Amino acid sequence: MSDYTPKPEHKFTFGLWTVGNPGADPFGSAVRNRLSPVEIVHVLAEVGAYGVNLHDNDLVPIDATPAERDRIVADFKRALADTGLVVPMATTNLFSDPVFKDGAFTSNDPKVRAYALSKTMRAIDLGVELGARIYVFWGGREGIETDAARNPLEGLKRMREALNFLCEYSMDQGYDLKFALEAKPNEPRGDIYLPTTGHMLAFIATLDHPQMVGVNPELAHEHMAGLNFMHGVAQAWDAGKLFHIDLNDQNFCRYDQDFRFGSHNWKQAFFLVKFLEDVGYAGPRHFDSHAYRTEDAEGVKDFARGSMRSYLILKEKAARFNADPEIQALLAEINADDGSMAAFQGAYSREKAAALKAYPFDRPALGARGLKYERLDQLTFDLLLGAR
Ligand code: GCO
Ligand code: MN
Ligand code: MN
């Protein structure tokens, strides 16, 4: 039996808004008491987390005076010092207050857009003060219910202007900060701009400082869009843009369920963990999810402990997959290369192209070959469910 105790080197983090979620939903009110940020830090320390992330207003109420802000931040810092927890990531709440009902950076009202910039700069200052090196942008209300409201080109232009401005602000302050853009297809808006990680990656290339901007893919959000999350994560990694990751779980094509990581799609979660561990992703593993509404304070701890435990179990399974002689022999056979095509591989040359066009391929033989993915997948299933 392996040791599934979370350790700081696993970099497991939770948002104040995740373990602090009191269980309200559009059909019912809160079922759990609201915990203060200091209390949440202590719960996270008790369950063995490494860090805590926050929106500005998870910690400092939107209408706090400067003196109140300083007192709250001092108390929070003391809790961090007492527990050893760190704040790797911070973000801005640009969606709860009525001022943001038509978005923040993309709102049609220039005063709202300006307020959003001002609020974000102050939230960046707060995040940096607490030690954050990653700043997340989730455009929760940057979207529409009706396209009559705005041409999406205008939305993209405003989003680009805001991010360019904030990149410059961060550099001007001398902050060592990277931005991570988080996509979501819908909810709370009917449609949200830049709906998937792939859209975000293409958008980043249009910014003035693309080197400081990456992505924060979230499992649930890509599943809402019916996509293979691990493939999106792989593309972000390939582009050097996997700055952060939001782990949770979610049935396909549903509302934002925010279930505990590993609670629903075990196989998808397994291949995701295997990917992250195989490539050596070194960033935080952030659980952006919350306990079922049925749970009390103890259930919230079960949720948090379970998220980390499931990750570590899947990590162990990934190591076993990589060390399994039968699975590896099968993979070697599937990927066998007799070297006969070496002359055709790699960079283009005119000679190579001519030789390739002239080569007598045995198409029927190539098409007739069985690829043994059925056996490979069954071995994976057996390994995952403990039957090997
Ligand atoms: C959601 C989002 C948020 C963001 C958070 C940080 O669907 O509500 O995932 O939880 O991750 O606002 O940007
Ligand atoms: Mn989400
Ligand atoms: Mn998220």
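No experiment lies behind these values; they were computed from the predicted model shown. When a ligand or atom number is given, it counts from 1 through the structure's own listing order.
Take the N/O/S atoms of Asp288: the one nearest the Mn ion (ligand 3) is OD2. Summary: OD2 is the N/O/S atom of Asp246 found nearest to the Mn ion (ligand 3).
Below 30°, between 30° and 60°, or above 60°: for Phe344 and Phe361 the angle between ring planes is between 30° and 60°, a tilted geometry.
Aromatic ring centres of Phe203 and Tyr193 lie farther apart than the 6.0 Å criterion allows. Taking the six-membered ring for Trp, His231 and Phe275 have ring centres at least 6.0 Å apart.
Taken together through direct or relayed side-chain contacts under 4.5 Å among Ile, Leu, Val, Met, Phe, Trp and Tyr, Ile134 and Ile124 form parts of separate hydrophobic clusters.
Hydrophobic cluster of Tyr292: the remaining members, joined at side-chain heavy-atom separations below 4.5 Å, are Phe259, listed by chain and number.
Contact annotation: Glu182 places no N, O or S atom under 2.8 Å from the Mn ion (ligand 2).
Residues Leu242 and Pro217 form a side-chain contact, since some pair of their non-hydrogen atoms from C-beta on lies under 4.5 Å apart.
If you check the side chains of Asn216 and His244, you find a donor sitting under 3.5 Å from an acceptor.
Among the candidates Phe287, Phe14, Trp17, the single residue satisfying the side-chain contact (heavy atoms from CB on, under 4.5 Å) test with Asn53 is Trp17.
Remark: at the Mn ion (ligand 2), atom NE2 from His221 and atom OE2 from Glu218 enclose 80°, rounded to the nearest 10 degrees.
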For ligand 1, list every N/O pair with the protein closer than 3.5 Å, one pair per line with the distance.
residue: ligand 1; atom: 7 (O); partner: Lys184; partner atom: NZ; Å: 2.8
residue: ligand 1; atom: 7 (O); partner: His221; partner atom: NE2; Å: 3.0
residue: ligand 1; atom: 7 (O); partner: Asp256; partner atom: OD2; Å: 2.9
residue: ligand 1; atom: 9 (O); partner: Glu182; partner atom: OE2; Å: 2.8
residue: ligand 1; atom: 9 (O); partner: Glu218; partner atom: OE1; Å: 2.7
residue: ligand 1; atom: 9 (O); partner: His221; partner atom: NE2; Å: 3.2
residue: ligand 1; atom: 9 (O); partner: Asp288; partner atom: OD2; Å: 2.8
residue: ligand 1; atom: 10 (O); partner: Trp17; partner atom: NE1; Å: 3.3
residue: ligand 1; atom: 10 (O); partner: Asp288; partner atom: OD1; Å: 3.3
residue: ligand 1; atom: 10 (O); partner: Asp288; partner atom: OD2; Å: 2.8
residue: ligand 1; atom: 11 (O); partner: Glu182; partner atom: OE1; Å: 2.8
residue: ligand 1; atom: 11 (O); partner: Glu182; partner atom: OE2; Å: 2.8
residue: ligand 1; atom: 11 (O); partner: Asp246; partner atom: OD2; Å: 3.2
residue: ligand 1; atom: 11 (O); partner: Asp288; partner atom: OD2; Å: 2.7
residue: ligand 1; atom: 12 (O); partner: His55; partner atom: NE2; Å: 2.6

